[in-house]
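Data block below; observations after.
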Amino acid sequence: MGEMPSFQLGVIGALFLSVASSVSIVICNKALMSNLGFPFATTLTSWHLMVTFCTLHAAQRLNLFESKSIEMKPVMLFGILNGVSIGLLNLSLGFNSIGFYQMTKLAIIPFTVLLETLFLKKQFSQKIKLSLFVLLVGVGIASVTDLQLNFVGTILSLLAIITTCVGQILTSTIQKRLNVSSTQLLYQSAPFQAAILFVSGPLVDQFLTRKNVFAYKYSSLVLAFIILSCIISVSVNFSTFMVIGKTSPVTYQVLGHLKTCLVLGFGYTLLHDPFTMRNIIGILVAIFGMGLYSYFCVQENKKKQSVDLLLASQMKDKDSAPILGMQDKEISHDAKKSTKDSLV
């Protein structure tokens with residue numbers, strides 16, 4: 001029982017770190033790309049992952065966490081899959097309108113629910129599905145503006161959805177089945193993610209922007225923002241693995257849409273981005289959906305804990321029953337023996 005409060009504190013801490021770091025890095029990257037004219041998003045992500053790995057390697061050498069040996073093949077495939085999903089999301093944004101890209105991100109939740117239901121036999125109650133539907137409607141109202149379809153963009157979006165969902169489900173599954181922490185899994189997989197993006201990133205960025213990352217003239221201000229972005233990314237990557245490991249891929253996606261609402265709000269407040277009544281209504285509907293999702297999750301977890309405690313209590317009673325029966329039998333036998341001795 002004493003482990004539950006500490007586990008809940010760990011979940012709350014992971015959620016808070018994920019929201020704070022993600023909103024911070026979006027604002028930092030928005031300033032870097034929009035205001036300073038550095039458009040190389042995929043290459044920047046590869047730098048993020050390299051800095052994350054170097055930071056974790058230093059932490060491991062200082063014995064801040066214990067490295068655990070994991071079978072190399074699944075970790076390598078997992079790292080490459082996550083790297084490919086990032087590249088596909090960026091290509092999807094490049095080939096589609098912003099509205100269709102937002103729809104792509106919205107589709108990740110129902111597709112994750114579908115995959116977990118079909119392959120992991122996970123059950124989602126009607127209340128949870130309803131709350132997710134309200135959330136998606138709200139985020140759609142707030143963020144989806146135009147929908148322009150094209151064949152290549154649609155294929156890239158479908159591939160991005162599939163790889164992202166599978167990668168996030170594997171993030172949770174690997175941690176639980178191999179009994180590794182989020183830090184250990186990130187430490188083992190980050191080099192593979194960084195490698196695939198380090199090779200493909202400049203090519204993807206040049207294809208999308210018609211600019212060469214190696215020919216770009218780096219000012220001291222741009223370098224300062226790149227370094228800041230890389231530092232924040234360590235918290236983003238760490239908290240991502242932690243949230244998925246401690247909760248679920250669906251909860252992580254719900255959290256992602258909370259970040260979208262916060263980014264819209266901060267963009268209006270700090271960067272003076274355009275903000276309409278539609279944005280406000282959408283954000284309020286999305287927050288209501290998140291509240292429903294959180295409430296239903298807490299209620300279902302309490303119900304599950306009560307059932308687990310009841311089953312544990314029944315098992316305990318069942319185990320103790322034969323012992324009590326033996327004790328009663330021994331007492332009866334001793335009483336009979338004592339009576340027989342007194343008669344003699």
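Computed over heavy atoms, backbone and side chain alike; hydrogens, waters and symmetry mates excluded.
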Heavy-atom closest pair, residues [X] and [Y]:
| X | Y | result |
| --- | --- | --- |
| T104 | S92 | OG1-OG, 4.0 Å |
| N90 | A41 | ND2-C, 4.2 Å |
| E116 | P249 | OE2-CD, 3.7 Å |
| S21 | I232 | O-CG2, 3.4 Å |

**Crowding at CZ, F288 (>12 non-hydrogen neighbours, <6.0 Å)** = no
**Asked** Hey, is CZ on F65 packed in by over 12 heavy atoms from elsewhere, all under 6.0 Å?
**Response** yes
Supply the atom-to-atom distance [X] [atom1] to [Y] [atom2], rounded to the nearest 0.5 angstrom.
| X | Y | atom1 | atom2 | answer |
| --- | --- | --- | --- | --- |
| I25 | K30 | CD1 | NZ | 14.5 Å |
| F53 | Q188 | CZ | CD | 8.5 Å |
| I196 | M76 | CD1 | CE | 10.5 Å |
| N279 | I283 | CG | CD1 | 6.0 Å |
| S157 | F100 | OG | CZ | 4.5 Å |
| Q206 | N212 | CD | CG | 5.0 Å |

May I ask whether [X] and [Y] are part of the same hydrophobic cluster, defined by side-chain heavy atoms of I, L, V, M, F, W, Y residues being less than 4.5 angstrom apart, directly or through others?
| X | Y | answer |
| --- | --- | --- |
| L93 | L158 | no |
| M72 | V180 | yes |
| V23 | F16 | no |
| L208 | L203 | no |
| F296 | V137 | no |

Under the rule for side chain to side chain contact (heavy atoms under 4.5 Å, CB included), what residues qualify as partners of [X], not counting sequence neighbours?
| X | answer |
| --- | --- |
| L284 | I280 |
| L15 | V11, V243, L255 |
| P39 | T209, K211 |
| S189 | V75, F78, Q193, F241 |

Quick one: are [X] and [Y] in side-chain contact, heavy atoms under 4.5 Å?
| X | Y | result |
| --- | --- | --- |
| Q184 | S181 | yes |
| V254 | S294 | no |
| V84 | L88 | yes |

**Asked** When you look at S229 and H48, which way does the side chain to side chain contact (heavy atoms under 4.5 Å, CB included) test go after all the steps?
**Response** CA-CA 8 Å; S229 179; H48 288 169; 2.7 Å; yes
**Prompt:** Side chains of T251 and Y293: do they bring a donor and an acceptor to under 3.5 Å?
**Reply:** yes
Expected output: side-chain [X] to main-chain [Y] donor-acceptor under 3.5 Å:
| X | Y | answer |
| --- | --- | --- |
| S18 | A14 | no |
| R278 | I141 | yes |
| S239 | V236 | yes |
| D205 | T42 | yes |

Clusters formed by hydrophobic residues whose side-chain heavy atoms approach within less than 4.5 Å: which one holds [X], and what are its other members?
| X | result |
| --- | --- |
| I227 | I231 |
| L77 | none |
| L36 | L32, M33, F38, F40, L44, W47, M50, F198, V213, F214, Y216, Y218, L221, V222, L223, F225, I226 |
| V51 | V234 |

Atom pairs and distances, donor-acceptor, side-chain atoms in residues 161-173, under 3.5 Å, two or more places apart:
from : atom 1 : to   : atom 2 : distance (Å)
T163 : OG1    : L159 : O      : 2.8
T163 : OG1    : A160 : O      : 3.2
T164 : OG1    : A160 : O      : 2.7
Q168 : OE1    : Q253 : NE2    : 2.8
T171 : OG1    : G167 : O      : 2.8
S172 : OG     : K176 : NZ     : 3.4
T173 : OG1    : I169 : O      : 2.8

**Complete:** Sorted by chain and residue number, the ring pair (Phe, Tyr, Trp, His ring centres under 6.0 Å) partners of F95 (sequence neighbours excluded) come out as F207
**Message:** With side chain to side chain contact (heavy atoms under 4.5 Å, CB included) as the criterion, how do H257 and L262 come out once you've worked through the C-alpha distance, each side chain's angles and the decisive distance to 0.1 Å?
**Reply:** CA-CA 9 Å; H257 293 306; L262 290 174; over 6 Å; no
**Request:** Under the side chain to side chain donor-acceptor pair (under 3.5 Å) rule, collect the residues that match up with N237, sequence neighbours excluded.
**Result:** T52
For residues 117-135, run the donor-acceptor check on the side chains, cut-off 3.5 Å, and write out each pair with its distance to 0.1 Å, sequence neighbours left out.
from : atom 1 : to   : atom 2 : distance (Å)
T117 : OG1    : V113 : O      : 2.7
K121 : NZ     : L118 : O      : 3.4
S125 : OG     : I128 : N      : 3.3
S125 : OG     : E300 : OE2    : 2.4
S131 : OG     : K127 : O      : 3.4
S131 : OG     : I128 : O      : 2.7

